[in-house]
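These notes are about the structure you will find just below.
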Amino acid sequence: MAVPADPIIEEEEEVEDGGPSHHPSAPSHEFFDLSTTVDPSYIISLIRKLLPSDSASRSTFSEVVSENPNRGEEEEGDAPSVSVSNDENVKSSRNKLENMDVDVSAEFSRGECEGTDVSVGESAWEEYGCVLWDLAASKTHAELMMETKYLLGVTLQVDNLVLEVLLGNLLVCKSARVTEISIGIIGNLACHEVPMKHIISTKGLMEIIIDKLFLDDPQCLYETCRLLAAGLQSGECITWSEALQSEHVLCQILWIAENTLNHQLLEKIIGLILVILESQQKVMDALLPPMMKLGLANILISLLTFEISKLTSERIPERYSILDLILRAIEALSVLDDHSQEICSSTELFQLICDLVKFPDKVEVGNCCVTAAVLIANMLSDVPDHASRISQDLNLLGGLLDIFPFASDDVEARNALWNVIARILVRIREPEMSLSRVHHYVSVLVTKLDLIEDELLNQQVESGDEQHNLCSPGSAANARNASLGMIISILNNWTAEEENAKNNRNAEVPVSETDVKRLLDCCHKFFNYN
């Protein structure tokens with residue numbers, strides 16, 4: 001975290017430079033029993049610097065905060081569009097805040113405040129706001145901010161200074177940059193339990209935060225989504241879900257996901273949807289049914305289609321995380337009893353994820369492929385007829401085996417892989433297979449010999465079974481054993497036709513008899529004949 005300048009020296013410099021000095025120092029009796037390397041009076045001074053300075057603005061601010069916290073929400077939609085600036089001083093200030101939980105790579109939208117002047121110029125306001133933003137990431141500093149109750153120089157008494165100041169700025173200031181920073185500070189505060197309780201108890205604050213979903217500035221929307229996700233992951237998630245359950249609000253969330261061209265905002269909005277899908281039951285009961293009626297499943301499939309097309313054509317690393325989040329959201333839907341059918345019955349989705357599993361270069365999208373394999377297993381469990389579409393797909397079989405190294409620390413994912421492999425192999429009718437077809441199966445299996453062997457050895461180490469019995473009762477073990485049994489049968493069939501197999505020595509993909517024997521021995525070693 002960036003180390004702030006000495007507050008005493010800083011304030012002296014402000015007075016000498018003719019800067020704002022109308023806010024007095026913190027009162028001597030304002031004592032904070034918190035362990036911190038930052039002087040509490042410095043945090044108080046930062047908060048004060050975000051206050052309106054002229055009497056007219058202070059009057060407006062005081063009236064809005066103390067008398068009518070909700071005033072200004074209807075006028076927010078009339079805010080003028082803001083210009084985009086690449087001001088180097090702004091970038092430099094932002095880059096210093098290494099621990100700030102915000103995207104620092106995007107351009108910053110800046111505009112003029114209408115109806116109020118901040119206590120310092122907007123550039124200085126931004127600098128002080130960003131320092132406060134950074135400090136709010138620390139639990140100690142965040143809780144200290146919650147104890148500041150003295151607002152000197154303004155005829156207003158409040159219970160919590162920082163939240164009232166930020167609320168006031170959100171209500172009366174139309175600068176996109178000020179809005180972004182204000183929501184960003186609240187977003188960091190929301191990551192801590194005590195500040196979160198203050199946030200939900202500050203009258204009008206939750207409502208205006210949700211109202212910011214209807215802005216057209218990507219950075220403001222990014223921070224709003226981050227804050228809402230923090231709220232839904234907190235102990236106050238029920239309160240946040242109740243505030244979000246309006247169809248108007250949920251429709252806007254889905255509209256942003258479907259229409260934004262900003263990949264950072266898309267990642268954050270899909271992350272918010274995933275948080276909803278992984279929340280406790282009461283949150284899902286409140287938000288998920290209306291979202292499904294509004295087309296959530298179709299939107300996720302449409303987004304997946306676009307991201308996979310980008311993967312196969314352009315391979316943009318910045319988009320891999322978006323692909324992962326979309327897959328995780330779809331996978332979460334696929335296991336919800338009341339909503340899984342809409343996902344699992346989609347042949348379009350099934351084809352998409354099979355194509356992803358067959359993607360040849362899995363190094364950069366390994367996690368995505370693991371999730372895709374789990375999703376295939378879920379869909380096959382709900383709609384077994386999907387298996388008939390993949391029973392002859394040797395590229396898919398090879399792709400599934402390729403995923404094992406990426407799932408080495410995920411037992412559930414490895415079990416899902418064996419489940420899908422078993423569903424493919426058990427549909428093979430060996431008596432009806434030509435020698436050429438058997439050869440192709442053996443070729444794929446032998447090519448993945450090391451992967452199969454490593455996976456079986458990993459299972460043995462994890463189980464700690466000295467007898468190599470990996471097939472204790474259970475569907476996962478049964479799927480693995482069924483797969484091994486079919487592999488053994490295919491290899492034996494190939495070996496029995498050894499003379500015919502030798503006639504294929506000039507085939508495009510020759511098969512090594514040594515490798516076949518090694519794979520056969522490995523499968524025999526771990527197969528449970530009982």
Side-chain angles (χ1 to χ4, degrees), residues 354 357-363 369 373 387 390-408 414-415 417-463 465-471 477-530:
C354 287
V357 167
K358 290 186 282 188
F359 185 67
D361 188 6
K362 293 184 172 65
V363 174
C369 292
I390 60 176
S391 60
Q392 303 298 317
D393 195 337
L394 294 176
N395 289 331
L396 179 64
L397 177 60
L400 290 166
L401 293 169
D402 284 334
I403 295 174
F404 275 121
F406 301 103
S408 59
R414 297 208 309 271
N415 290 340
L417 281 164
W418 281 118
N419 186 284
V420 178
I421 291 170
R423 287 177 180 270
I424 293 175
L425 294 179
V426 296
R427 285 179 172 263
I428 296 175
R429 298 182 178 182
E430 293 182 73
E432 301 175 8
M433 290 174 59
S434 66
L435 182 60
S436 175
R437 190 64 180 170
V438 173
H439 176 84
H440 287 143
Y441 271 105
V442 172
S443 178
V444 170
L445 294 170
V446 168
T447 302
K448 312 300 179 183
L449 167 60
D450 291 337
L451 298 176
I452 296 172
E453 190 172 44
D454 288 345
E455 161 60 13
L456 294 174
L457 288 172
N458 285 341
Q459 292 277 1
Q460 175 189 333
V461 170
E462 290 177 0
S463 66
D465 190 342
E466 296 298 331
Q467 301 301 318
H468 315 308
N469 180 11
L470 302 181
C471 300
N478 290 339
R480 184 171 53 247
N481 203 51
S483 298
L484 293 179
M486 285 303 303
I487 293 173
I488 290 171
S489 179
I490 292 171
L491 294 177
N492 282 336
N493 188 5
W494 184 89
T495 303
E497 299 289 341
E498 181 177 0
E499 197 61 37
N500 290 330
K502 288 181 180 179
N503 293 332
N504 287 326
R505 66 178 66 185
N506 294 323
E508 183 178 348
V509 183
V511 175
S512 166
E513 293 185 24
T514 302
D515 287 343
V516 170
K517 185 178 185 305
R518 179 182 160 194
L519 178 57
L520 195 56
D521 290 343
C522 178
C523 292
H524 277 302
K525 181 179 180 181
F526 292 102
F527 181 68
N528 182 0
Y529 288 93
N530 295 324

- Asn419 (side chain) donor-acceptor with Asn415 (main chain) under 3.5 angstrom: no
- Task: Quick one: do Tyr441 and Asn493 satisfy side-chain contact (heavy atoms from CB on, under 4.5 Å)? Show the steps, please.
- Result: CA-CA 11 Å; Tyr441 271 105; Asn493 188 5; over 6 Å; no
- Query: If you look at every heavy atom in Ala387 and Arg427, which pair is closest and at what distance?
  - Reply: CB-NE, 3.2 Å
- Message: To the nearest 0.5 Å, what is the distance between CD1 on Ile490 and CZ on Arg437?
- Response: 10.0 Å
- Message: Which heavy atom of Pro405 sits nearest to which heavy atom of Leu451, and what is that distance?
- Response: CG-CD2, 3.4 Å
- Where do Ser483 and Trp418 come nearest, in terms of heavy atoms and distance? OG-O, 3.5 Å
- Query: Only one of Asp515, Ile487, Ile488 forms a side chain to side chain contact (heavy atoms under 4.5 Å, CB included) with Leu520, so which one is it?
  - Reply: Ile488
- Item | Atom of Val357, atom of Cys369 and distance for their closest heavy-atom approach | CG2-O, 4.5 Å
- Message: Can you tell me how far apart CG (Leu400) and CG (Leu417) are? Round to the nearest 0.5 Å.
- Response: 6.0 Å
- Query: Would Ile452 and Phe404 satisfy side-chain contact (heavy atoms from CB on, under 4.5 Å), going step by step from the backbone distance to the final call?
  - Reply: CA-CA 8 Å; Ile452 296 172; Phe404 275 121; 5.9 Å; no
- Item | Nearest-0.5 Å distance that lies between atom CZ in Arg414 and atom OG in Ser408 | 7.0 Å
- Donor-acceptor contact below 3.5 Å, side chain Ser443 vs main chain His439: no
- Message: For the NZ atom of Lys358 and the CG atom of Asp393, what is their distance to the nearest 0.5 Å?
- Response: 4.0 Å
- Message: Testing the basics here: between Lys362 and Gly399, what is the closest heavy-atom pair and its distance to 0.1 Å?
- Response: CE-O, 3.6 Å
- Message: Nearest 0.5 Å, please: how far is CG in Leu445 from CG in Leu425?
- Response: 7.0 Å
- Item | Arg480/Leu456 under side-chain contact (heavy atoms from CB on, under 4.5 Å): CA gap, chis, key distance, verdict | CA-CA 9 Å; Arg480 184 171 53 247; Leu456 294 174; 4.2 Å; yes
- Note on the structure: Of all heavy-atom pairs linking Ala479 and Ala422, the shortest is O-CB, 3.5 Å
- Message: side-chain contact (heavy atoms from CB on, under 4.5 Å), that's the test. Do Glu453 and Asp521 meet it? Break it down for me.
- Response: CA-CA 10 Å; Glu453 190 172 44; Asp521 290 343; over 6 Å; no
- Message: As an exercise, state the distance from CG of Leu484 to NZ of Lys525, rounded to the nearest 0.5 Å.
- Response: 12.5 Å
